[in-house]
Amino acid sequence: MSHPAVVVSARRILHVDMDAFFASVELLRHPELRDRPVVVGGGGDRGVVAAASYRARSYGVRSAMATARARRLCPDLVVVAPDHRHYVAVSSRIMDCCAEFTPLVEPLSLDEAFLDVTGSGGLFGSDEALAGELRRRLHEREGLWSSVGVASCKLVAKLASESAKPVPGPPGSAAPVDGSGGVRVVDPADELRFLQDRPVGDLWGVGPVTGARLRSLGVATVAELAGFPVEALVSHLGPSVGRQLHELANGRDERPVVVDVEARSISQEETFAHDRTDAADLRPDLLRMAEQVTRRARRRGVEGRTVHLKLRWSDLGTTTRSRTLGEPTADGLVVASVASELLAQLPVDRGVRLLGVGLSGLGPPADATQLRLSLEGHELGTNVTSSNRAAALRAADEVRERFGETAIGPVVSRSREAGGDDATGDDSR
DNA sequence: TCTGGGGTCCTAGGACCC
DNA sequence: TCTGGGGTCCTAGGACCC
């Protein structure tokens, strides 16, 4: 008698990445710029490119490049100021479209997401078919092209979508983008080979510093990294980075697709056109930025306990200061006054190039009432209803009536002193 | 012609408590 | 009284990502 084979169902992870997102969105709004090289970004002396159209890329222009340098590479360049709100709106529709393929969608940024499509295969046929259909729908609805990678883990899926990206053509050429291509599916059996010959810098978590450290150890490729002793990596790079990189280099990446990632901090920073040397000059900006940060917190229904102040000096050095409060707050005046005290201890006459204000330790307000939405034991999310317990309880009743008794978990009053969830469990009905 | 504005996570030391 | 160990929180800085 034979036992059925143990089938370890491999995950199928999809990574979708919009092509030249901000720039493509602007080209849709400004068709008259179709034949011009376009970047979105800051235009001043200190501006940088946030996104470059493919026509701009054909001149060597890249994102994160100083706008001044981009202009030298491409004198004809059109620089469009970013319109963040609009990109957020487009992004939200893109994520909705992704959600038609699986509920497991994890946005990475406005123009990128991971989808766990392990369970979606049967609905769309092959991975290629699913990826192609996602790409087609995104173009049909938003007029935007994307690149899609599918593999058994996030690392390979992301590299796969990258490898499916269009390549800029010779100077002056338009976007080499169309309905063909744009999809790369990596078979599980091919994943190690797919990784092997790449430079270590392709791995998630290897930037300039770690890359240089690895090269000094004689490690340049993923294959070399995979064969390097873990202990040596740990002693040179620290336990966290060392182990993580060793796993990734060997094609092991179990990071799940996480649906509701709650923000841990909110911040706002600004580089001045001209450096400031007087604290009094900074106060109005500090107050305004504290107000912007706390308004965003209030809109999300959270308060923060730690106020952060950041300064970049004329010589590009950076100093940060932070203070944790006894009580969480989303009050702009409170944040501004704490930040102001921190600022008072710093030598502003050194020359301030950048000012930043932030709030971390975010959570629901101390007096919030939370609804936990769950279905058959699976947590779907937490709906915070600030300060209005009666409304929260009514909302809970509505959900129960529509979806049944198991649809909603206990109603909870948040108490931070108790370390988070102080489940009162008294969903009084 | 050294560079923006969001974020995340890690490390390391000190304070404090048990 | 002295010494040590473990855990957690706070702060500053740094690496990295898009």
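Predicted model, so just to flag it, every value in this text is computed and none were measured.
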Enquirer: On a whole-Å scale, what distance lies between the C1' atoms belonging to dC17(C) and dT3(B)?
Expert: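 It works out to 16 Å between them.
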
Enquirer: Describe the nucleic acid contact of Ala68(A) in one word from base, sugar-phosphate, nothing, applying a heavy-atom distance below 4.0 Å.
Expert: nothing

Enquirer: Classify Ser63(A) by what it touches in the nucleic acid, base, sugar-phosphate, or nothing, heavy-atom distance under 4.0 Å.
Expert: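 Counting heavy atoms under 4.0 Å across all strands, no contact is made by Ser63(A).
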
Enquirer: When all nucleic acid strands are considered with a 4.0 Å heavy-atom cut-off, which category describes Pro82(A): base, sugar-phosphate, or nothing?
Expert: nothing

Enquirer: Ignoring the backbone of Thr320(A), work out which of dG13(C), dG4(B), dC10(C) is nearest its side chain.
Expert: dG13(C)

Enquirer: Heavy atoms only, 4.0 Å cut-off, all strands: where does Leu354(A) land among base, sugar-phosphate and nothing?
Expert: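 Counting heavy atoms under 4.0 Å across all strands, the contact made by Leu354(A) is with sugar-phosphate only.
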
Enquirer: Please classify the nucleic acid contact of Arg62(A) as base, sugar-phosphate, or nothing, using heavy-atom distances under 4.0 Å.
Expert: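 Here Arg62(A) touches no strand at all.
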
Enquirer: Would you classify Gly205(A) as touching base, sugar-phosphate or nothing, given that sugar-phosphate means primed atoms plus P, OP1 and OP2, and contacts are heavy atoms under 4.0 Å?
Expert: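 Sugar-phosphate: the residue Gly205(A), judged by heavy atoms under 4.0 Å, touches backbone atoms but no base.
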
Enquirer: How does DNA chain B read in dot-bracket, base by base from 5' to 3', with Watson-Crick or G-U pairs under 3.5 Å and | used when the partner is on another strand?
Expert: ....||||||||||||||

Enquirer: Any base atoms under 4.0 Å from Lys158(A), or only sugar-phosphate, or nothing? Heavy atoms, all strands.
Expert: sugar-phosphate

Enquirer: Would you find a donor on one side and an acceptor on the other, under 3.5 Å apart, between the side chain of Ser340(A) and the backbone of Ser337(A)?
Expert: no

Enquirer: Taking any heavy-atom pair under 4.0 Å as a contact, classify Leu110(A): base, sugar-phosphate, or nothing.
Expert: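 Touches nothing.
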
Enquirer: Judged by modelled atom types alone, do Thr319(A) and Trp313(A) share a side-chain donor-acceptor pair under 3.5 Å?
Expert: yes

Enquirer: Just say parallel, tilted or perpendicular for the rings of Phe114(A) and His15(A), cut-offs at 30° and 60°.
Expert: tilted

Enquirer: Without swapping roles, check the side chain of Thr102(A) against the backbone of Ser120(A) for a donor-acceptor pair under 3.5 Å.
Expert: no

Enquirer: What nucleic acid atoms does Arg72(A) come within less than 4.0 Å of, heavy atoms only: base, sugar-phosphate, or nothing?
Expert: base

Enquirer: Please determine, by modelled atom types, if Asp275(A) and Ser314(A) share a side-chain donor-acceptor pair under 3.5 angstrom.
Expert: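 There is such a pair between these side chains.
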
Enquirer: Is a salt bridge present between Asp253(A) and Arg11(A), judged by a nitrogen-to-oxygen distance below 4.0 Å?
Expert: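 A salt bridge is absent here (no side-chain N lies under 4.0 Å from a carboxylate O).
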
Enquirer: So what does Val206(A) hit on the nucleic acid, given a heavy-atom distance under 4.0 Å: a base, only sugar-phosphate, or nothing?
Expert: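 The residue Val206(A) makes sugar-phosphate contact but no base contact.
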
Enquirer: Can you confirm whether Arg136(A) is buried at CZ, in the sense that more than 12 heavy atoms of other residues, nucleotides or ligands lie under 6.0 Å from that atom?
Expert: yes

Enquirer: Using a heavy-atom cut-off of under 4.0 Å over every strand shown, decide if Leu203(A) touches base, sugar-phosphate, or nothing.
Expert: sugar-phosphate

